[in-house]
Protein chains: 2
Amino acid sequence: MPDKKLKRALAPEPIAHQGMAGPGLFGDVGGQVKMADIAMLAGVSESTVSRALAGSKLVNPATRKRIEEIAATHSYSIDQRARNLRLSRTGTISVVFPLSHESEQGIADPFFLEMLGNLADQLSNRGYDLLLRKIRSDVPRMLTDLLREGRTDGVLLIGQSTQHDLINELAEHYQPLVVWGARQPDNRYITVGSDNRGGAAAAVRHLLDCGHRRIAFLGNRQLPEVAARYQGYSQALSAAGLSVAPDLLLPVPFDRQGAFAAISGFLDRDRAIDAVFAASDIVAIAAIRALDQHGLKVPHDVAVVGFDDIMVAAAYTPALSTVRQDIALGARTMVDLLFRLIEGEAVNSVELPTALMIRASSAHPA
Amino acid sequence: MPDKKLKRALAPEPIAHQGMAGPGLFGDVGGQVKMADIAMLAGVSESTVSRALAGSKLVNPATRKRIEEIAATHSYSIDQRARNLRLSRTGTISVVFPLSHESEQGIADPFFLEMLGNLADQLSNRGYDLLLRKIRSDVPRMLTDLLREGRTDGVLLIGQSTQHDLINELAEHYQPLVVWGARQPDNRYITVGSDNRGGAAAAVRHLLDCGHRRIAFLGNRQLPEVAARYQGYSQALSAAGLSVAPDLLLPVPFDRQGAFAAISGFLDRDRAIDAVFAASDIVAIAAIRALDQHGLKVPHDVAVVGFDDIMVAAAYTPALSTVRQDIALGARTMVDLLFRLIEGEAVNSVELPTALMIRASSAHPA
DNA sequence: CGCAGACTTGCAATCGATTGCAATCATGAT
DNA sequence: ATCATGATTGCAATCGATTGCAAGTCTGCG
């Protein structure tokens, strides 16, 4: 047998795809250089290159060093497509926003956007990519597609929307799933969320302490998180010996315009309220505007408390009292739980504490 | 030769990975079913399945129908990892945020978050996924890695940050790249951005029309977009026969706290201003708060105009006058240009019109 | 000098698809 | 009955990596 190794090393295509622009920082962008090229240059097999680059102990330190240098010289990076295929993983976590029918247009609420930013941080810290998906009405189809296509190692679902039952069914068959939202008795999936009930109760107690009695509740109680906040609201009222007045419960949507319209409509027929507890800061801000247009001053005539503590809340005029959710902690927790699920660990849902931020919009009436 | 086909069809593993939970909606999530399984069930080769599912005309309509039905029954989806590897594409577009040193912590500005939401819409409309990346200080390394790893078919860079030269160098070697930001004379990359100069000039003209003369400019002029806005500012002043007062130029950062601190510091030593033009709404809002804390009322004592028209601008109190950027159009344009680049078309940078939104914060002084 | 055992390395199968080319089949014309 | 022709289908290589197993090299010790 003639020397096969030599023959390979002398093969006509050294690596010269094209100009090979030298050591310039961006010389080889585009992924033309492959592992086989590095192997040939180093005079070893692909196996050895793979092992060297993966840090395996099975390669001679000298060989490894040479390979690493060659790889660096040609600014080679492992092709993640191929690697992931072989390892049957993806290196990608999907973040999915189920959009309710209301706001088909987009992820509007700053709370969710801030959450997204934090998740991106957390995931990139762990070397994972973040795949962003919005899902419209047909959640089941799109979600299963996403999973089956093998594009993702796990899913973070932001908000339960009104899809609780579907999520439950999905969870039966798909493990690496963490949902931001309210923990419910029959949840078969892992949730991370705030103590909605407790936070809301604290807010309403605060309004009661200020002497308010006719406190409107603004929010769509079909959403589990809002339902939990409503529980806190009603619980705080009961504790004070008051009962819930059904005419003070407004099922307003979460988007700005919808909320504004709903609240305006309400104020057109009923203005006998002295406080408002809104299920989100966006709703609270819409409420303040609507109140203003109806000649009611905040906090003088009506006190307002929101929920979330989005960035603008403190900067708003009047500064918005609100129940603070710790978004950064929430994101960290979701990612942490998801990776533990991926590793097969059994984990439990988490409920995070909230903090009542009292600001100008609910200052004690003079 | 014995009948090989028959042997295969009778092979022991029918497909029974496990329970095969029946036709339940989520029965087969997880990607266990592969093309080979479908092929076997249909009694054809993988080639035929591939062609049938890809809509090739090379398969018998009857065969195609049968394959499609079997695929549907077993809720099979093509594995995108494998497909993309074979086709050497990814089906993914990366959206990259270069974070300047200032705000290492995260994507804070609502403008960028709204942009992100819109990009997600546009990309998913085209069947592409959106990979979100934040890049810290070492832009070159991370960006080239991202590209070389073969994870992405194209890159949307949101904001030039202070990396103009690096981006230029990158663009020499990497084509499918569209940048949100200011068009500059020596750009070798495609940009989409607003008419920063024109928008700013309109805003400043408006302030001049209201009778203001000492108009502060708030923004970090190292950023190309801000530099362009500054040009508009200075141009409008010149046109009115005024000159730029260097002491009215404040290099404030883009994040809320930093902006607030910088403006407060300025007001501590100089309060002889009657208007403020801020390079972003976030800065404008910070300015309003700082002015308020220094006993200056907006718009009575000082008029304020921002830039962006983020969602809270109109809802703010006082409602914020601002230069509106059409985010949705911007996102659509970026995606459109990127896909045309990917298809090899030659395209040009785009500058989008802005609209001056006059609201309460700059109402004509009484 | 010979051989066991520890180190290194390479071969070849594999992940799950796509596709050029060859092979097969059916049909109609002669 | 024979053959050209077009319509279907299958074979096998390929995308770029990883890894179990076998083979080869080198060392030290008897």
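Chain letters run A, B, ... following the sequence lines, proteins first, then strands; residues in each count from 1. All values reported here derive from a predicted model rather than from experimental measurement.
- Summarising the geometry, the separation between CZ on B:Arg81 and P on C:dT18 is reported as 14 Å, rounded to the nearest angstrom.
- Between A:Arg340 and A:Asp336 there is a salt bridge, since a side-chain N of the basic residue sits under 4.0 Å from a carboxylate O of the acidic one.
- Among the atoms of the strands shown, only primed sugar atoms or phosphate atoms (P, OP1, OP2) are found under 4.0 Å from some heavy atom of A:Thr63.
- B:Ile67 places its CD1 atom 10 Å from the C1' atom of D:dT9, with the value rounded to the nearest Å.
- The side chain of B:Tyr76 contributes no N or O atom lying less than 4.0 Å from OP1 or OP2 of C:dG16.
- Relative to the axis of its first five pairs, the axis of the last five pairs of the helix from C:dC1-D:dG30 to C:dT30-D:dA1 sits at 70°, rounded to 10 degrees.
- Nucleotide D:dT18 holds its P atom 8 Å from the CG atom of A:Leu53, rounded to whole Å.
- Which of D:dG16, C:dG16, C:dT8 sits closest to the side chain of B:Asp79 comes down to C:dG16.
- For the segment residues 84-92 of chain B, the set of residues with a heavy atom within less than 4.0 Å of an atom of DNA chain D comprises B:Leu85, B:Arg86, in numerical order.
- With sequence neighbours left out, the side-chain contact (heavy atoms from CB on, under 4.5 Å) criterion links A:Ser349 to A:Arg183, A:Ile190, A:Thr191.
- Side-chain N/O atoms of B:Thr90 and B:Asp153 include a donor and acceptor closer than 3.5 Å.
- Rounded to a whole Å, the CG atom of A:Asn60 is 18 Å from the P atom of C:dA6.
- Here the side chain of B:Leu58 is nearest to one of D:dT9, D:dA17, C:dA17, namely D:dT9.
- In summary, B:Asp129 and B:Arg151 do not engage in a salt bridge, as defined by a charged side-chain N under 4.0 Å from a carboxylate O.
- Between A:Arg51 atom CZ and D:dA17 atom P the separation is 15 Å, expressed in whole Å.
- Of the candidates B:Leu156, B:Ile93, B:Leu132, B:Leu338, B:Leu119 forms a side-chain contact (heavy atoms from CB on, under 4.5 Å) with just one, namely B:Leu156.
- In the set D:dC11, C:dG10, D:dT8, the nucleotide with an atom closest to the side chain of B:Ser47 is D:dC11.
- Among the nucleotides D:dG10, C:dT8, C:dA17, the one closest to the side chain of B:Ala82 is C:dA17.
- In terms of position along DNA chain D, the nucleotide closest to B:Val59 lies nearer the 5' end than the nucleotide closest to the other residue of the pair A:Val49 and B:Val59.
- Put simply, NZ on B:Lys34 is 14 Å from P on C:dT18, counting in whole angstrom units.
- Of the possible polar contacts, none joining the B:Asp37 side chain to the B:Val33 backbone as a donor-acceptor pair under 3.5 Å is found.
- Here A:Ser45 does not reach the OP1 or OP2 of C:dT9: none of its side-chain N or O atoms lies under 4.0 Å away.
- As rounded to whole Å, 13 Å separates atom P of C:dT8 from atom CZ of A:Arg66.
- With sequence neighbours left out, the side-chain contact (heavy atoms from CB on, under 4.5 Å) criterion links A:Leu85 to B:Arg81, B:Ala82, B:Leu85.
- Ranking C:dA17, D:dT8, D:dT18 by closeness to the B:Arg83 side chain, first place goes to C:dA17.
- With D:dG20, D:dA17, C:dT18 as the candidates, the nucleotide lying closest to the side chain of B:Met35 is C:dT18.
- Checking B:Asn60, B:Ile38, B:Ile67 one by one against B:Thr48, the side-chain contact (heavy atoms from CB on, under 4.5 Å) holds for a single residue, B:Ile67.
- A:Glu68 is linked by a side-chain contact (heavy atoms from CB on, under 4.5 Å) to A:Leu53, A:Arg64, counting only residues two or more places apart in sequence or in another chain.
- Listed by chain and residue number, A:His164, A:Asp186, A:Arg188, A:Tyr189 satisfy the side-chain contact (heavy atoms from CB on, under 4.5 Å) test with A:Asn168 (two or more places apart in sequence, or in another chain).
- Across D:dT19, D:dT8, C:dT19, the shortest atom-to-atom separation from the side chain of B:Ser50 is found for C:dT19.
- Note: CD (B:Glu46) to C1' (D:dA12) measures 11 Å, nearest angstrom.
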